[in-house]
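First listed ligand is number 1; within each ligand, the first listed atom is number 1.
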Amino acid sequence: MSSKTLSVVGVQWGDEGKGKIVHLLSRKAGWIVRYQGGNNAGHTVVFGGKKYALHLAPSGILVPGKRAVIGNGVVVDPKALREEVRMLVRRGVSVKGRLFVSELAHVILPYHILLDTLREEGGRGIGTTRRGIGPCYEDKVARLGIRVVDFLEPATFRKLVDKNLKVREAELSRARPIKKIREEVFRDYETLRRFLKPYVADTAGMLAAALERGEKVLFEGGQGAMLDLDFGTYPFVTSSNTIAGGVAAGAGVGVRHLDGVLGITKAYTTRVGRGPFPTEQFGTVGDYIRTEGREYGTTTGRPRRVGWLDLVQLRSALQVSGATQIAITKLDTLSRVHPLKVCTAYKLGRQKLTRYPASRSLIYDAEPLYESFPGFSGDLSQCRKFSELPKGARDYVLWIEKRLGVPVSIVSVGQSREQTIVRDPRAVWM
Ligand code: IMP
């Protein structure tokens with residue numbers, strides 16, 4: 001039987017190029033669903049000669065006729081969503097009747113962004129995107145959160161905001177008077193409420209019905225496994241479960257419906273923000289890859305930290321998401337890098353580690369052990385078949401596949417949708 005759902009997840013520290021792959025696979029889906037995170041994500045999609053930077057809406061919104069869902073596990077900044085919808089409409093993408101926001105998703109309000117910023121600037125920072133993601137999830141877990149359904153009810157909303165501002169008063173009033181912060185929340189409230197209302201739905205119910213009808217659903221992860229709240233490099237993580245396991249709770253879909261899992265990795269590694277990064281490269285190699293790969297954040301514009309591919313990290317990530325296949329992106333960026341290196345294990349004292357350690361202190365002592373490859377040259381961006389790649393590039397991919405024990409079904413060699421090598425279309429998603 002062909003599978004009805006596919007979860008596409010990042011298996012590094014985010015920015016793996018999920019947006020492009022999801023957009024490509026969206027053609028086969030009826031529904032594209034985000035299940036965690038918020039507008040901290042930045043998905044760049046290039047097609048038809050145009051570039052789109054999406055933060056909240058699933059990348060499938062760009063494919064005509066597809067339905068896009070922002071699930072209950074997502075944290076929604078109504079203002080950011082309005083901006084994104086305006087941008088899409090301005091560029092000719094219709095969203096009416098195609099974009100649905102879960103009534104159970106929690107809303108990010110201006111004071112969440114303020115708290116995020118205060119902490120980043122007050123010495124407790126981990127290098128967040130300052131979009132209020134962490135503080136909003138904190139409220140959710142503390143049972144103080146304000147959901148989309150609450151946002152739509154003015155009296156309920158008012159009451160909850162006042163309660164929350166009281167709880168947060170000590171911290172917030174260091175920035176400005178609570179009265180001012182309250183004003184910020186209500187300044188735009190009525191227009192935002194009216195904007196949001198038509199998109200709000202029981203999305204879990206809609207997805208259940210769609211699956212019942214045999215329609216195909218694609219789940220689009222934000223960030224990556226190493227930023228997962230449980231399995232990432234804690235505390236330098238985001239505040240949600242980015243791994244494939246997050247799909248069931250974050251979209252309200254029964255686990256029996258979850259089929260394939262496609263893990264996306266770059267051909268090298270990047271990370272934004274603070275935290276451990278064992279294979280990081282500071283010298284000319286790192287600078288070269290950053291420039292060639294345009295490694296600057298889609299959301300914040302920050303230069304990304306760059307390093308070699310790390311199989312220790314990838315093995316753990318693929319395992320916790322139960323990945324059934326892999327897509328390798330940005331292989332073209334590594335052209336002319338001689339030699340190429342891949343980390344196969346960490347040396348820690350006399351121990352050799354092949355799994356990512358849990359200790360937040362020991363990881364800084366882990367010394368990556370590398371295997372070297374001669375590398376490859378030439379313009380890969382025109383290759384459309386695996387056999388057209390230079391031998392050095394094929395060897396690199398095949399070696400990674402063998403060492404990870406998971407098939408590499410997609411190789412991406414450029415930003416646009418056409419610049420993709422699909423090794424076996426039937427293996428990806430039928
Ligand atoms: P937050 O998600 O804004 O709270 O940030 C927590 C950590 O996750 C920081 O290290 C961010 O740089 C990182 N992060 C959040 N979203 C993304 C993303 O889409 N790509 C890469 N890193 C991200």
Sub-4.0 Å heavy-atom contact, F236 with ligand 1: no
Give me the one residue out of T238, N40, V272 that meets side chain to side chain contact (heavy atoms under 4.5 Å, CB included) with T129. N40
min-distance protein heavy atom vs atom 10 (O) of ligand 1 -> V272 O, 3.3 Å
What residue and heavy atom of the protein are closest to atom 3 (O) of ligand 1, and at what distance? T129 OG1, 2.6 Å
Where does the angle between the aromatic ring planes of Y356 and W13 fall among parallel (under 30°), tilted (30 to 60°) and perpendicular (over 60°)? perpendicular
Taking both backbone and side-chain atoms of Q223, is any N or O found less than 3.5 Å from an N or O belonging to ligand 1? yes
Parallel, tilted or perpendicular: ring planes of Y199 versus F195, cut at 30 and 60 degrees: tilted
What distance separates F282 CZ from R305 CZ, expressed to the nearest 0.5 Å? 6.5 Å
Of all the non-hydrogen atoms in the protein, which one sits nearest to atom 21 (C) of ligand 1, and at what distance? D15 OD2, 3.1 Å
Could you walk me through whether R271 and E280 pass salt bridge (charged side-chain N to carboxylate O under 4.0 Å, His left out), step by step? CA-CA 9 Å; R271 121 162 259 181; E280 184 165 15; over 6 Å; no
Give a yes or no on whether a salt bridge exists between E153 and K159, defined as a side-chain N under 4.0 angstrom from a carboxylate O. no
Hey, does R274 sit under 4.0 Å from ligand 1 if you only count heavy atoms? no
How far is atom 12 (O) of ligand 1 from its nearest protein heavy atom, and which residue and atom name does that atom have? R302 NH2, 3.0 Å
Classify the angle between the aromatic ring planes of Y396 and F376 as parallel (below 30°), tilted (30 to 60°) or perpendicular (above 60°). tilted
Between the candidates T128, V237, N39, which shows the shortest non-hydrogen contact distance to atom 1 (P) of ligand 1? T128
Counting only heavy atoms, tell me which of N40, T238, L227 gets closest to atom 14 (N) of ligand 1. L227
Does even one non-hydrogen atom of S239 get within less than 4.0 Å of ligand 1? no
Using 4.0 Å as the upper bound for N to carboxylate O, is an ion pair formed by R304 and D15? yes
Would you check whether G222 reaches within less than 4.0 Å of ligand 1, judged by its heavy atoms? no
Heavy-atom contacts with G127 under 4.0 Å: which atoms of ligand 1 show up? List them by number with element. 9 (C), 10 (O), 11 (C), 12 (O)
Numbering as shown, the atoms of ligand 1 that approach G42 to under 4.0 Å (heavy-atom distance): 19 (O)
Near W13, which atoms of ligand 1 are under 4.0 Å from a heavy atom of that residue? 21 (C), 22 (N)
Taking the side chain as C-beta and beyond, is there a heavy-atom pair between L311 and L404 under 4.5 Å? yes
